[in-house]
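Shown next, in structure tokens, is the structure this report addresses.
Since we're looking at a predicted model, the values are computed, not measured. Chain A is the first sequence line, chain B the second, and so forth, proteins listed ahead of strands; every chain is numbered from 1.
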Protein chains: 2
Amino acid sequence: MPEGCKVETALEILVGKWKPVILFHLFSNGTMRFSELQKAMPDITKKMLTAQLRDLEYNDIVHREIYLQIPPKVEYSITEYGKRMTHLLQAMNDWGMAHVEHLNELYGKDRSVESLEVIDDLVGK
Amino acid sequence: MPEGCKVETALEILVGKWKPVILFHLFSNGTMRFSELQKAMPDITKKMLTAQLRDLEYNDIVHREIYLQIPPKVEYSITEYGKRMTHLLQAMNDWGMAHVEHLNELYGKDRSVESLEVIDDLVGK
DNA sequence: CTGCATCCCATTCGATACTG
DNA sequence: CAGTATCGAATGGGATGCAG
């Protein structure tokens, strides 16, 4: 472990019940409208979706493009800066997968999978 | 971004208000007694410290060595498996530091530093 | 010394309704 | 369509006291 310890800074950006899923969809699909994100994540409320997107926007991870028209249209996408965190997300994802494996070996299968339903739905398994 | 998206798995291990600090101390000092950890983090309550250590223990990141004696003595250390996540922690830390810089450039200094007091105390700045 | 139990508060999050 | 406003429930975390 290094000096400084800004691990929490990284955590704060990614934590928030829905941020990883949102990023996953935006990384996968490129640009999405608010309603498309909602359709992709049926369980998230508008309030939460808005809040998390605003958070990501403040951190320059997500770009919000507003079209002044009726009916309104707003598109979200990953910023260039945001794309640079792909490696970190990849690293976290890889470690996460390996860790699930590790826990399975330690305790046996079918455990510690709670609270990942959303992701599992997403992947469709 | 990959398939699967187990980013949340990684997050769940590190999240918990004190886990990064605990890991930081254990990585730095090797083996520490419960009371030493408390001294190192004056603001954490016993309840929280216990809970987070149990969590890390369950995830095979931290080892708990109990000496059966009076008065009791319990030592905590990073497991071999836990040491293998050094690279991930390093990556998150690096990104976190760079991100603080990035935000400073975007919005100007002296912002977004809230909620890092603990870490800052730790580093003594 | 270590750490569990209890109570309590603050913040988060979901549900619902409403608006430009 | 893309939000905001309001309320209540759930959850996380702090303070304190007791126990092995």
Side-chain angles (χ1 to χ4, degrees), chain A residues 8 11-23 25-26 29 31-59 62-77 114-119 121, chain B residues 8 11-23 25-26 29 31-59 62-77 112 114-119 121-122:
Chain A
E8 304 208 330
L11 286 176
E12 283 167 23
I13 312 303
L14 281 325
V15 171
K17 206 175 174 182
W18 300 95
K19 296 217 186 81
V21 204
I22 294 174
L23 291 177
H25 283 293
L26 286 179
N29 301 342
T31 295
M32 297 179 77
R33 299 184 56 167
F34 187 85
S35 50
E36 292 178 316
L37 283 165
Q38 270 195 297
K39 254 170 259 157
M41 297 169 281
D43 288 344
I44 193 173
T45 62
K46 285 189 273 192
K47 178 186 172 185
M48 272 297 99
L49 183 53
T50 304
Q52 314 267 315
L53 283 169
R54 284 303 185 319
D55 228 69
L56 292 168
E57 187 190 2
Y58 171 82
N59 282 289
V62 157
H63 173 68
R64 179 156 166 257
E65 183 75 35
I66 309 162
Y67 297 86
L68 286 173
Q69 61 183 51
I70 306 290
K73 174 179 168 182
V74 179
E75 286 186 339
Y76 293 90
S77 57
E114 300 94 276
S115 82
L116 290 172
E117 315 85 29
V118 185
I119 303 288
D121 287 353
Chain B
E8 303 207 332
L11 287 176
E12 282 166 26
I13 313 304
L14 281 324
V15 172
K17 205 176 178 184
W18 300 95
K19 295 219 186 78
V21 205
I22 294 173
L23 290 177
H25 283 292
L26 287 179
N29 302 341
T31 294
M32 298 178 77
R33 297 185 56 169
F34 188 84
S35 50
E36 291 178 317
L37 283 165
Q38 270 194 297
K39 255 171 257 155
M41 298 168 282
D43 288 344
I44 193 174
T45 63
K46 286 185 281 189
K47 175 187 172 185
M48 273 297 98
L49 185 53
T50 304
Q52 314 266 324
L53 284 169
R54 282 307 186 304
D55 228 70
L56 292 168
E57 188 190 3
Y58 171 83
N59 281 289
V62 158
H63 173 67
R64 180 157 163 256
E65 184 75 34
I66 309 162
Y67 297 86
L68 285 174
Q69 60 182 51
I70 304 290
K73 173 178 170 185
V74 180
E75 287 186 338
Y76 294 90
S77 56
S112 75
E114 299 95 277
S115 80
L116 291 172
E117 315 84 29
V118 185
I119 303 288
D121 287 353
L122 181 62

Rounded distance (Å) that lies between atom [atom2] of [N] and atom [atom1] of [X]:
X	N	atom1	atom2	result
A/Gln38	C/dG14	CD	P	13 Å
A/Leu53	D/dG3	CG	P	8 Å
A/Ile70	C/dG20	CD1	P	12 Å
B/Glu75	C/dG3	CD	C1'	17 Å
A/Arg64	D/dC1	CZ	C1'	13 Å
A/Tyr67	D/dG3	OH	C1'	18 Å
B/Asp43	D/dG13	CG	P	15 Å
A/Gln69	D/dG3	CD	P	13 Å

Report task. Name the closest nucleotide to the B/Ser35 side chain, picking from C/dG14, C/dG3, C/dC1. Result -> C/dC1
Query raised in the report: To the side chain of A/Phe34, which of D/dA2, D/dG13, D/dT4 is closest?
Result: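 Given the options D/dA2, D/dG13, D/dT4, the side chain of A/Phe34 is closest to D/dA2.
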Requested in this report: Taking the side chain as every heavy atom from C-beta outward, state whether A/Leu53 and A/Arg64 have any pair of such atoms under 4.5 Å apart.
Outcome: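 The answer is no, as the side chains (C-beta and beyond) never meet within the 4.5 Å cut-off.
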Requested in this report: Check whether any side-chain heavy atom of B/Val21 lies under 4.5 Å from a side-chain heavy atom of A/Glu8, and answer yes or no.
Outcome: yes
Please check the phosphate of [N] (OP1 and OP2 only) for any side-chain N or O of [X] closer than 4.0 Å.
X	N	answer
B/Trp18	D/dG12	no
A/Tyr76	D/dC1	no
B/Thr45	D/dT16	no
A/Arg33	D/dC1	no

Requested in this report: Evaluate side chain to side chain contact (heavy atoms under 4.5 Å, CB included) for A/Tyr58 paired with A/Arg54, printing each intermediate quantity in order.
Outcome: CA-CA 6 Å; A/Tyr58 171 82; A/Arg54 284 303 185 319; over 6 Å; no
Query - Non-hydrogen atoms of B/Leu14 and B/Pro20 that approach each other most closely - result: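 In terms of heavy atoms, the two residues are closest at O-CD, 3.4 Å.
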Report task. With DNA chain C as reference, determine whether A/Gln52 or A/Pro72 sits nearer its 5' end, using the nearest nucleotide of each. Result ->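 This one resolves to A/Gln52.
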**Report entry** Under 3.5 Å donor-acceptor pair, B/Lys47 side-chain atoms to C/dG3 base atoms
**Finding:** no
**Report entry** Distance-only donor-acceptor test (3.5 Å): side chain B/Lys46, base C/dG3
**Finding:**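 Indeed, a donor on one side and an acceptor on the other fall under 3.5 Å apart.
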Query raised in the report: What's the spacing between B/Ile22 CD1 and B/Met32 CE if we round to 0.5 Å?
Result: 10.5 Å
